[in-house]
Every structure is written in C-alpha cells, then in structure tokens.
There are 2 protein chains.
Amino acid sequence: MRERLSELRKKRGWSLQETADQLDIAKSTYAGYESGYREPSIRSLSQIADLFDTTLDYLLGRTDNSLDAIELTGLLKSPRHRLSIDGKLLSPDELVDFISFVRVKRMVKTEEMGEDQEG
Amino acid sequence: MRERLSELRKKRGWSLQETADQLDIAKSTYAGYESGYREPSIRSLSQIADLFDTTLDYLLGRTDNSLDAIELTGLLKSPRHRLSIDGKLLSPDELVDFISFVRVKRMVKTEEMGEDQEG
DNA sequence: AAAAAAGTACGCGAATCGAGAACGATATAT
DNA sequence: ATATATCGTTCTCGATTCGCGTACTTTTTT
C-alpha cells in the first residue's frame, strides 16, 4: 500500500498536499495512508484508485498489474467486461475464435524457437 | 457490494454462518456486509475476495460489466487495460492481429448476408 | 408442533478514522 | 545568516463506526 501509493504519486510529480486536495481530504490523512499510519476507508480507497487510474487490488498489492489484465478466456464464463472493436460489441463467437487463433500462434512460435520454455 | 456478496455466497450454497466461519468473523458481522448495515475493513474485504476467489474491484462493483465496453482499437494508443489469454499477457502484435481478425471476419459475414447493415 | 437453522436488526464497548497542529528538513530569496 | 515557503512526518483529539453478542422473525427439518 505504502509503496504503491508513493510510487503512483511520484510518477505524477504530485506533492502530498496536491494529492490530498484532489481527493478532498487533509494532507495528514493522505500522508497517513502512504506512511502506513492510517488505512483509508473503502470510499477513500476507491477515490484514490480513480485518481490514479488503477485498481483497488493493485493499490493493496494484491496484484502486480497496475491495470488488471483481463483474462479473455474468463470472459466467456463470467463476462465482467464487454469488449468492442470499431464501436461494435465483440460476440462470444468472435472471442472464442480469437482465443484459438492466439493459442495456435503461440504454439507455432514456441516450436520455431526449438525450445519448450515459456516466453 | 450487497448484491455481489450475496450472489457469490449463494452460488456456493453457503449460509451466512458457514461463510462467517470461514472468514473467522461473527455471523452478524458478515450479515452486516451483505445487508449494507456495515462496511468491512480492508483486511476483511481482502479475506472475502480470497474466499470467493475474486477481486476487490469486483466485490465493490467497480468493474461493472453492464456499462464499460472496452474499445480495443483504443487500447493500442492508450493502454488503459491489459488483456491476457491463458494467463499470459497479450502483446500489441497479438492485439493488432485480434482486431484485424475480427474486422475481416465481420466483412465476410456481412458479404454472406448480402447486406451491409450493421448487426 | 417442536426444534433447529437461517436470516435480520440493534445496542454497546472498543478500535480507529480524519482533521488540525506541531515538528524537522530542504530550498529560495533577501 | 535570517526569513519565508514548501514538503513530508507524526502526534493528539473528537467523532465515527466497526465487530461482537444478543434477541428477534422466518424458513426448514424432524
């Protein structure tokens, strides 16, 4: 948490005060989050995630991806997201076909390398 | 929050008591989360996400599938999201292939229909 | 019908959150 | 060197509210 917040803030070149202002909380409050002295409420945490354009899971160190990778195979079973291309929603069939396409392509590439190691 | 928790729990056929026991908290405490009477601490929320094998963002309804269609062509220029297949991140090349793949397929389908109307 | 389990709602003590203030460190200006 | 301003850290205090126990209603089981 500490590390993630500090990293995201400094990457943007913001001071504690600037960040707190954008979140509409006191400087000491936000500083408490970064130092680990305080934990934000869920509401504040969500605002922070919005401000830094990231996820709760990343802020709390539950994932290494600042933006959660969307697992396409999982979308078929539980569509948490919808995808579109050229403004038109992607159909399940299109998704299935593409997943197969990528899998085959990856296998071919692995064979070309003469190895079975993962990329 | 309420809806997500209730949905996940019932999908597993667990009672409030069973769920609370697994989280090592009181039944009334967990019930408070589902009813909206209480909000969990971040620690409890993380445990809940682990128990239900999901993310904080999903629990809190931050990844609502009904609203946010992700335009894949936009991801190439500003990667606000990352995609994966079989747990492996999709490369930009693969994404380009994905988009071309779908576009071609859509054109073929349109021609087959003898129409140029949008689906 | 009785008993057990499931779900709901509330009061209370304890934990802790958020704001403000005080502090030292650093940088800039006079 | 002194003054001023900004930055980051840490503390206290009041207010919020969390988590548990408990009691209650509803549903299920025997």
Side-chain angles (χ1 to χ4, degrees), chain A residues 1-68 77-80, chain B residues 1-67 80:
Chain A
M1 171 79 142
R2 288 138 251 211
E3 302 152 4
R4 295 284 158 96
L5 282 184
S6 184
E7 161 204 333
L8 289 167
R9 178 175 63 84
K10 289 175 180 168
K11 188 183 295 180
R12 287 164 175 73
W14 296 341
S15 68
L16 294 175
Q17 185 71 66
E18 282 175 305
T19 308
D21 286 345
Q22 292 183 77
L23 295 168
D24 200 30
I25 59 179
K27 177 184 72 166
S28 64
T29 299
Y30 177 77
Y33 303 157
E34 277 201 13
S35 70
Y37 184 72
R38 285 271 184 267
E39 265 202 339
S41 65
I42 289 177
R43 173 170 173 72
S44 285
L45 191 69
S46 295
Q47 290 179 327
I48 293 172
D50 286 339
L51 178 62
F52 289 128
D53 194 30
T54 186
T55 66
L56 304 182
D57 294 89
Y58 178 74
L59 287 180
L60 295 176
R62 292 174 53 85
T63 173
D64 286 339
N65 297 331
S66 63
L67 292 174
D68 272 343
K77 296 172 184 172
S78 57
R80 289 180 186 174
Chain B
M1 173 76 145
R2 289 140 249 214
E3 303 151 4
R4 295 284 157 94
L5 283 183
S6 184
E7 160 204 333
L8 289 167
R9 178 175 63 84
K10 288 175 180 169
K11 188 182 294 178
R12 287 163 175 74
W14 295 341
S15 68
L16 294 174
Q17 186 69 65
E18 282 175 304
T19 308
D21 286 346
Q22 293 184 75
L23 294 168
D24 201 29
I25 60 179
K27 178 182 72 166
S28 62
T29 299
Y30 177 77
Y33 303 156
E34 276 202 12
S35 70
Y37 184 72
R38 285 272 185 270
E39 265 201 342
S41 65
I42 288 178
R43 173 168 173 72
S44 285
L45 191 69
S46 295
Q47 291 178 327
I48 292 172
D50 287 340
L51 179 62
F52 289 127
D53 192 30
T54 186
T55 65
L56 304 182
D57 295 87
Y58 180 74
L59 286 180
L60 295 176
R62 289 173 52 85
T63 59
D64 199 307
N65 46 11
S66 61
L67 296 180
R80 296 174 55 82

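Every chain is numbered from 1 and lettered A, B, ... according to where its sequence line falls, protein lines coming before strand lines.
Across residues 9-21 of chain A, Arg9(A), Ser15(A), Leu16(A) each have a non-hydrogen atom less than 4.0 Å from an atom of DNA chain D (numbered order).
Between the CZ atom of Arg43(B) and the P atom of dG19(D) there is a distance of 11 Å, given to the nearest Å. Per the geometry, CD1 belonging to Ile42(B) stands 11 Å off C1' belonging to dC17(C), to the nearest Å. Atom CG in Leu45(A) sits about 16 Å away from atom C1' in dT16(C), given to the nearest Å.
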Worksheet item: Going through the checks in order, is the side chain to side chain contact (heavy atoms under 4.5 Å, CB included) test met by Tyr30(B) and Leu5(B)?
Response: CA-CA 10 Å; Tyr30(B) 177 77; Leu5(B) 283 183; 3.9 Å; yes

Item to complete: Please lay out, stage by stage, how Leu51(A) and Trp14(A) fare under the test side chain to side chain contact (heavy atoms under 4.5 Å, CB included).
Response: CA-CA 12 Å; Leu51(A) 178 62; Trp14(A) 296 341; 3.8 Å; yes

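Of the possible donor and acceptor atoms, none in the side chain of Arg62(A) sits under 3.5 Å from a partner among the backbone N and O of Thr55(B). When atom types are taken as modelled, the side chain of Arg12(B) and the backbone of Phe52(B) share a donor-acceptor pair closer than 3.5 angstrom.
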May I have the list of side-chain donor-acceptor pairs in residues 35-42 of chain B shorter than 3.5 Å, sequence neighbours left out?
residue	atom	partner	partner atom	Å
Ser35(B)	OG	Ala31(B)	O	3.3
Ser35(B)	OG	Gly32(B)	O	3.2
Ser35(B)	OG	Tyr37(B)	N	3.2
Ser41(B)	OG	Ser44(B)	N	3.1
Ser41(B)	OG	Ser44(B)	OG	3.4

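Bending across the helix from dA1(C)-dT30(D) to dT30(C)-dA1(D), expressed as the angle between its end axes from five pairs apiece, amounts to 30° (10° rounding).
In this structure, Arg4(A) satisfies the cation-pi test against Tyr58(A), with its NZ or CZ atom closer than 6.0 Å to the six-membered ring centre and inside 45 degrees of the ring normal.
Note on residues 19-28 of chain A: pairs passing side chain to side chain donor-acceptor pair (under 3.5 Å), not counting sequence neighbours, are Gln17(A)-Asp21(A).
Applying the salt bridge (charged side-chain N to carboxylate O under 4.0 Å, His left out) criterion to Lys11(B), with sequence neighbours excluded, gives Glu7(B).
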Discussion item. Return a single string for nucleotides 18-27 of chain C, one symbol per nucleotide in 5' to 3' order, where B is base contact, S is sugar-phosphate-only contact and - is none, cutoff 4.0 angstrom on heavy atoms.
Written reply: BBBB------

